[in-house]
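Residue numbers begin at 1 in each chain, while the letters A, B, ... track the order of the sequences.
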Protein chains: 2
Amino acid sequence: MKKASTIRDVASAAGVSVSVVSRVLNPDSGPVAPAKRETVLRVIDELGYRPRAAARELSIGHTPTIGLVVADLANPFFAQLADRVVWEARSHGVQVMVMTTQEDPHLEADSLDTLLDRSVGGVIATPTGSNIEKWARLQSLGVNVVFVDRSIPELADVDLVSIENVDSARRATEHMLGLGHTRIGLISGPVSTSTGRSRIEGYKSAHNNFSISVDPQLIRDVPFRGDGGGDAAGSLLALPDRPTGLIVANTAQVQSSVRRLVQIGVRIPDELSVIVFDDNPWTELTSPPLSVIRQPIDMLAVHSLELVLGRMQGRLPPAPRTIEVKADFVPRSSCSPLTLSPIS
Amino acid sequence: MKKASTIRDVASAAGVSVSVVSRVLNPDSGPVAPAKRETVLRVIDELGYRPRAAARELSIGHTPTIGLVVADLANPFFAQLADRVVWEARSHGVQVMVMTTQEDPHLEADSLDTLLDRSVGGVIATPTGSNIEKWARLQSLGVNVVFVDRSIPELADVDLVSIENVDSARRATEHMLGLGHTRIGLISGPVSTSTGRSRIEGYKSAHNNFSISVDPQLIRDVPFRGDGGGDAAGSLLALPDRPTGLIVANTAQVQSSVRRLVQIGVRIPDELSVIVFDDNPWTELTSPPLSVIRQPIDMLAVHSLELVLGRMQGRLPPAPRTIEVKADFVPRSSCSPLTLSPIS
DNA sequence: TACAAAAGTGGAACCGGTTCCACTCCGGTC
DNA sequence: GACCGGAGTGGAACCGGTTCCACTTTTGTA
């Protein structure tokens, strides 16, 4: 366990001053005679010297690092998002600190503190919805914040990247309405989140277009955490006048909901047509393969990274941006026309 | 965008020296009069002061941070591993830098450099199998390395946490042999990895126990990346004397393999009995639900973290450790007795 | 009361980079 | 030949913490 060499080791081995070595390390920071540059580079190689990030960070004042704060990596949506963000960031020479919140505001607050301590230049997050002042403080300290997928209404000047939630939910609903279903269950996210509200709005809007009234009983907004999706699915199916269609618009609850449907043993699509949000890899391995709204996770990752890096480099106008990307509806075999009472 | 306060700001605001503030910050580093401690804490709170990690790191020489190097967060196995590690680490006050390699040795090498620059105290990794000298160098610089799930035979003195690979593969194989199957396909990881080799060994050992000879044609070792699992599944089923059982022991290829089986339309378990490694959440949502070898990801995470932290704190004997945890066989409905030529 | 030990405190060096600045060489220009 | 500007260089301050050490004050004990 030899200890790593420092810039001063390199300097003395190369017979130059630390200033010169530093200039070699940071090409645009000043002139170096070509011959010396060669020598220094050779010595660096021989010694296996690598500058320590902490030292640079201390004198520069910031790091080429961003934080990624998601609920739960065990959820494929977040996992894929993280994968893409980490991957994409690397190609820009930026490191990513991944933090998970388990949807717990306290853990979220902790994560933000940690990121602050690490002097990250930006944060990409799917916020829990709390910690308003904490997010604001982060921004006021110059940390660039971009929300993905969800936003917090109280925080107006934060960049946001999400799918077209209203439109996506409307299209899914209209697809079912078009098949003749009139009682369609909706399992959405909490109304305290933008995502939850927008998707409910899209659902209602579709009903409106079809001049079909909305039964509030059929709308279940459940938390992201826990087994709320499964319970909601169970209770919807237990309704006297039970729905013939189900849209699961809470990505965190898809698995739980589908598992419950399988347990109950409803026949899909004969007894129940189903559309879920998010094209998890397994959705086409179930039988029947599920029709899904596919969130273009790559796009979410790319755009949010672009935003946060753009802000870090100060090459974006100050006004907050909202980027909405289109989500595809991918029909598979989990929806069928309503046969019991066929449409006119 | 006001700028953050420093320890000297706190010191002067509290009317004490920086030494005192530092001692308040690090409780066991020296005595502080209770009254002054109070004052300092109050000032810290008022100013919203937080010590900068980089400064501390620079003077201490290391960070309470570990690196986690996995192939691909989009793979549920790694994603869950990452989730557990991050989670568990946090409860020990340790941060985790998550890096992905996409199974590419170059990217792996980059990641290790980055982690080195950040002065991490330890690394938990599923190594690609290359970069032998790089791993060795990392160790010689005092970075504690723990491999999870796979190991590199050339690197003898690295801690390893994995499941009982030989035993797991044997149990799965014996289960099928016990059902009367004699031609069982095996899709495993590359033989260049310990995992790949051990699982093939278990498969062979089971055959041996049942005095059934092994047809080498039925063993397919495919890379972790790409669609090798699907292709192997396809080609196994295209064999003239095609297998009646299939064990997918390459966790990264399960999805690809199962997808192919679904595409081909083999009836499971009637035409083909199937066991896969890894209890991904969706394996019980397929029809039929798949029998799996369940890797206790929590255990893998906990043990590897324990090892790496233990080494960082120097409270472990120097000899490298290998921890093997038991993997459960979870029978579901994807295996049935061989009916064509029933066992005696 | 005397004196050693322990508690409490602040000054300053240090960790390993970056950067400002002063200084020395050059060559080119009037 | 005097002068100027720019290339090239090194010294030293600085970033924000930690820690050693010397010093003063308090406490405990004989």
- When only distance counts, do a donor and an acceptor, one from the side chain of B:Arg23 and one from the base of C:dG8, lie under 3.5 Å apart? no
- Task: Ignoring backbone atoms, establish whether B:Lys36 has a side-chain N or O less than 4.0 Å from OP1 or OP2 of C:dG8.
- Result: no
- Item | Among B:Thr65, B:Val94, B:Val96, side-chain contact (heavy atoms from CB on, under 4.5 Å) partner for B:Val120 | B:Thr65
- Task: For A:Asp117 and D:dG16, give me the distance from atom CG to atom P, rounded to whole Å.
- Result: 14 Å
- Task: May I have the distance from A:Arg118 (atom CZ) to D:dG16 (atom P), rounded to whole angstrom?
- Result: 17 Å
- Message: On DNA chain C, compare the nucleotides closest to B:Val32 and A:Val18; which residue's is nearer the 5' end?
- Response: B:Val32
- Item | Lys/Arg N to Asp/Glu carboxylate O, A:Asp298 vs A:Arg84, below 4.0 Å | yes
- Give the nucleotide from the list C:dT18, C:dG17, C:dT9 with an atom nearest to the side chain of B:Pro31. C:dT9
- Is any side-chain nitrogen or oxygen of B:Ser22 closer than 4.0 Å to OP1 or OP2 of D:dG17? no
- Message: Quick check on C:dT18: is either OP1 or OP2 less than 4.0 Å from any side-chain nitrogen or oxygen of A:Arg56?
- Response: yes
- Task: Would you indicate what B:Pro51 reaches in the nucleic acid, counting non-hydrogen atoms under 4.0 angstrom: base, sugar-phosphate, or nothing?
- Result: sugar-phosphate
- Task: Return the value, rounded to whole Å, for the distance between atom CG of B:Leu25 and atom C1' of D:dT19.
- Result: 14 Å
- Message: Given B:Val98, which partner from the list B:Leu73, B:Val85, B:Val69 fulfils the side-chain contact (heavy atoms from CB on, under 4.5 Å) test?
- Response: B:Leu73
- Identified side-chain contact (heavy atoms from CB on, under 4.5 Å) counterpart of A:Val146 within the set A:Val158, A:Leu309, A:Val161: A:Val161
- Query: Of the candidate nucleotides D:dT9, C:dG16, D:dG17, which contains the atom at the shortest distance from the side chain of A:Ser59?
  - Reply: C:dG16
- For the pair B:Ser119 (side chain) and B:Gly61 (backbone), establish whether a donor and an acceptor sit closer than 3.5 Å, ignoring hydrogens and angles. no
- Message: In whole Å, I'd like the distance from the CZ atom of B:Arg52 to the C1' atom of D:dC14.
- Response: 13 Å
- Note on the structure: Whole-Å distance, B:His62 NE2 to C:dC14 P, equals 20 Å
- Task: Describe the nucleic acid contact of B:Leu58 in one word from base, sugar-phosphate, nothing, applying a heavy-atom distance below 4.0 Å.
- Result: base
- Message: Without decimals, in angstroms, what is the distance between B:Ile60 CD1 and C:dA13 P?
- Response: 20 Å
- Query: Taking only side-chain nitrogens and oxygens of A:Ser17, does any of them come within less than 4.0 Å of OP1 or OP2 of D:dG10?
  - Reply: yes
- Item | Atom-pair distance (CD on A:Glu57; P on D:dC15), nearest Å | 15 Å
- Message: Can you tell me which nucleotide in C:dG17, D:dT9, D:dT18 comes closest to the side chain of A:Arg8?
- Response: C:dG17
- Message: Categorize A:Thr6 for me: base, sugar-phosphate, or nothing, with a 4.0 angstrom heavy-atom threshold over every strand shown.
- Response: sugar-phosphate
- Could you tell me whether B:Arg315 and B:Glu306 have a side-chain N and a carboxylate O separated by less than 4.0 Å? no
- Between B:Leu47 (CG) and D:dG17 (P), how many Å, whole number? 12 Å
- Query: Do the side chain of A:Ser19 and the base of D:dG11 come within less than 3.5 angstrom through a donor-acceptor pair of N or O atoms?
  - Reply: yes
